[in-house]
Amino acid sequence: MPEGPEVECTRLALSPLIGKRILSIKFTKNSQKYQKYKNKQQEINGFKGQKLIKIERKGKFLIWVFEIEKVILNHLGMSGKWILLTSDKQELPSHAKVFLNMEDLPHAVFDDTRNFGQFRVFNNYNSVSEYRPIKKMGIDGLANKFPIEEFLEKLNKKNYSEREIGAVLLDQKLVAGMGNIYKSESLALAEIKPMRLVKELSENEREFLGICISKTLHKALKSMGSTFQAFRTPDGQEGKAQNWHQVYGKEGSFCSKCSNKITKIIQNGRSTFFCSKCQK
DNA sequence: CCGCTGGCCTGCGAGC
DNA sequence: TGCTCGCAGGCCAGCG
């Protein structure tokens, strides 16, 4: 589920928690099967009674800010999701890792089936900023005004020139929040083949790609409306973004622009989809 | 420093 | 129907 737009949806859906106190916070029984959650309970006990001030998103990370200096850095990984519990009697989902017992309903649960998610405590905000993935993070693909100049500048860096654009787009140091689906979708919209080398891309193509990235991510965020709903009613609908996918997951079906068959390749170990006719 | 490969996990659907 | 296998939208350690 979670690329930048889905993480932003999650952040928005968590807004009922803002300004509320956490009565207690617990690593669940399920979480104790995994090393990364073991013997960490004491560390998060410090958040007891704390008021949640805000939740920020940086790339695909969520940063939970409280009255105290301590900060929680949370990544959804491949399968992590937050679920709001609207009743005190509601059971925890089977892969619940962290339970936030709030002063008022709803409570919140971090559920992560594949356990690739992250939930780390930092002593202060500054140390989060110094954490390498945050510090080195590229431009925000979901910025209201996509910083095209900065995008072009970063794309111009030497180490990208000999690499394939499809692989480069997944680098969070370039566009933070980009993921494997919207990588293929952005390139389809820009009509650029994923295996083109960065050095081969013209100035016009680069600029148009930047615009297409921004358009794709914003459109994804917008069409997640139903995921937003599903967040409140966990067994509800999923997002709508898949309804407009041009290429992702469409191997063998026909391109909606030219009726050519969509191709799938593995690029740097990741599935990559494109139309070999539309995309130059 | 860099990029690439494989590992971390569970669940699901295709194919037999 | 039931089994196995391959694959899944993430990152990161370790290697060359």
Side-chain angles (χ1 to χ4, degrees), chain A residues 1-10 28 30-38 57-62 73-82 93-97 110-120 128 131-138 141-142 154-155 157-188 194-195 197-199 213 216-217 219-221 223-224 227 230-231 238-253 264-274:
Chain A
M1 179 181 106
E3 299 185 28
E6 288 80 1
V7 178
E8 179 63 7
C9 269
T10 300
T28 63
N30 175 290
S31 75
Q32 296 305 297
K33 288 198 294 193
Y34 307 99
Q35 198 54 42
K36 67 177 164 188
Y37 289 112
K38 266 196 175 166
R57 181 189 56 80
K58 285 207 191 298
K60 297 175 198 169
F61 287 91
L62 291 173
L73 182 68
N74 170 223
H75 195 293
L76 304 183
M78 289 281 244
S79 57
K81 44 196 155 295
W82 282 93
S94 53
H95 296 283
K97 297 296 187 288
F110 182 57
D111 185 80
D112 184 12
T113 307
R114 292 176 68 185
N115 199 38
F116 291 160
Q118 301 175 25
F119 195 95
R120 307 167 190 265
V128 176
Y131 180 58
R132 282 187 74 90
I134 300 285
K135 191 174 187 180
K136 300 277 175 183
M137 192 168 276
L142 280 164
K154 283 193 189 297
L155 196 55
K157 282 171 70 179
K158 235 192 198 148
N159 56 319
Y160 288 143
S161 70
E162 301 285 340
R163 295 176 62 195
E164 298 181 350
I165 185 62
V168 164
L169 280 189
L170 284 181
D171 188 349
Q172 299 299 297
K173 297 193 286 301
L174 179 62
V175 180
M178 178 57 80
N180 203 39
I181 292 178
Y182 302 127
K183 165 197 85 178
S184 283
E185 292 300 323
S186 299
L187 287 167
M195 55 284 231
L197 298 184
V198 170
K199 67 175 180 185
I213 288 169
T216 300
L217 294 178
K219 190 175 173 187
L221 175 57
S223 56
M224 282 299 154
T227 294
F231 196 88
E238 294 180 356
K240 292 175 188 158
Q242 62 276 12
N243 296 345
W244 50 261
H245 285 170
Q246 293 297 309
V247 291
Y248 184 85
K250 300 227 165 192
E251 182 192 17
S253 65
K264 173 184 172 179
I265 58 167
I266 303 294
Q267 185 178 45
N268 278 51
R270 310 300 301 278
S271 295
T272 304
F273 301 83
F274 64 99

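To find a chain, count down the sequence lines: A is the first, B the second, and so on, and within it residues start at 1.
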Worksheet item: For A/Lys264, which contact category applies under a 4.0 Å heavy-atom criterion: base, sugar-phosphate, or nothing?
Response: sugar-phosphate
Practice prompt. Check every strand shown and say whether A/Gly269 touches a base, only sugar-phosphate, or nothing at a heavy-atom separation below 4.0 Å.
Written response: nothing
Worksheet item: So, is A/Tyr182 close to the C/dG10 phosphate, meaning a side-chain N or O under 4.0 Å from OP1 or OP2?
Response: no
Worksheet item: In whole angstroms, how far is the C1' atom of B/dT10 from the NZ atom of A/Lys36?
Response: 13 Å
Practice prompt. Send over the distance from A/Met178 CE to C/dG9 C1', rounded to a whole Å.
Written response: 12 Å
Worksheet entry | Proximal nucleotide (of B/dG11, C/dC11, C/dG9) relative to the A/Lys60 side chain | C/dC11
Item to complete: Select one nucleotide: of C/dG9, C/dC11, B/dG3, the one nearest the side-chain heavy atoms of A/Ile181.
Response: C/dG9
Item to complete: Taking only the side-chain heavy atoms of A/Glu6 (C-beta and beyond), determine which of C/dC11, C/dG9, C/dC12 contains the nearest atom.
Response: C/dG9
Item to complete: Name the orientation class of the two ring planes belonging to A/Trp244 and A/Tyr182 (parallel below 30°, tilted from 30 to 60°, perpendicular beyond 60°).
Response: parallel
Discussion item. Rounded to whole Å, how long is the line connecting atom CZ of A/Arg270 with atom C1' of B/dG6?
Written reply: 13 Å
Worksheet item: When the C1' atoms of B/dG6 and C/dG6 are considered, how many whole Å apart are they?
Response: 16 Å
Discussion item. From C-beta outward on A/Gln172, which listed nucleotide comes closest to its side chain: B/dC4, C/dC12, C/dC11?
Written reply: C/dC11
Discussion item. So A/Asn180, base contact, sugar-phosphate only, or nothing? Heavy-atom distance under 4.0 Å.
Written reply: sugar-phosphate
Fill in: Heavy-atom closest contact (A/Gly80 atom, A/Pro2 atom, distance)
O-CG, 4.3 Å
Worksheet item: For the pair made of CG in A/Leu169 and P in C/dC11, what is the distance, rounded to whole Å?
Response: 14 Å
Discussion item. Within the 4.0 Å heavy-atom criterion, would you say A/Phe273 contacts the bases, only the backbone, or no part of the nucleic acid?
Written reply: nothing
Discussion item. Need one value for A/Tyr248: base, sugar-phosphate or nothing, where a base atom within 4.0 Å counts as base even if backbone is also close, heavy atoms only.
Written reply: sugar-phosphate
Practice prompt. Find the distance A/Phe119:CZ to C/dC11:C1' and express it as a whole number of Å.
Written response: 18 Å
Worksheet item: Between C/dG9, B/dC1, B/dT10, which nucleotide gets closest to the side-chain atoms of A/Arg132?
Response: B/dC1
Worksheet item: If the P atom of B/dC9 is compared with that of C/dG14, how far apart are they to the nearest Å?
Response: 15 Å
Practice prompt. Rounded to the nearest angstrom, tell me the gap between atom CG in A/Asp111 and atom C1' in B/dG11.
Written response: 13 Å
Practice prompt. Starting at atom CD of A/Gln35, determine the distance to atom P of C/dA13, rounded to an integer number of angstrom.
Written response: 15 Å
Practice prompt. Could you check how far CG of A/Asn268 sits from P of B/dG6, rounded to whole Å?
Written response: 12 Å
Worksheet item: Which residue lies toward the 5' end of DNA chain C, A/Arg114 or A/Arg120, if each is placed at its nearest nucleotide?
Response: A/Arg114
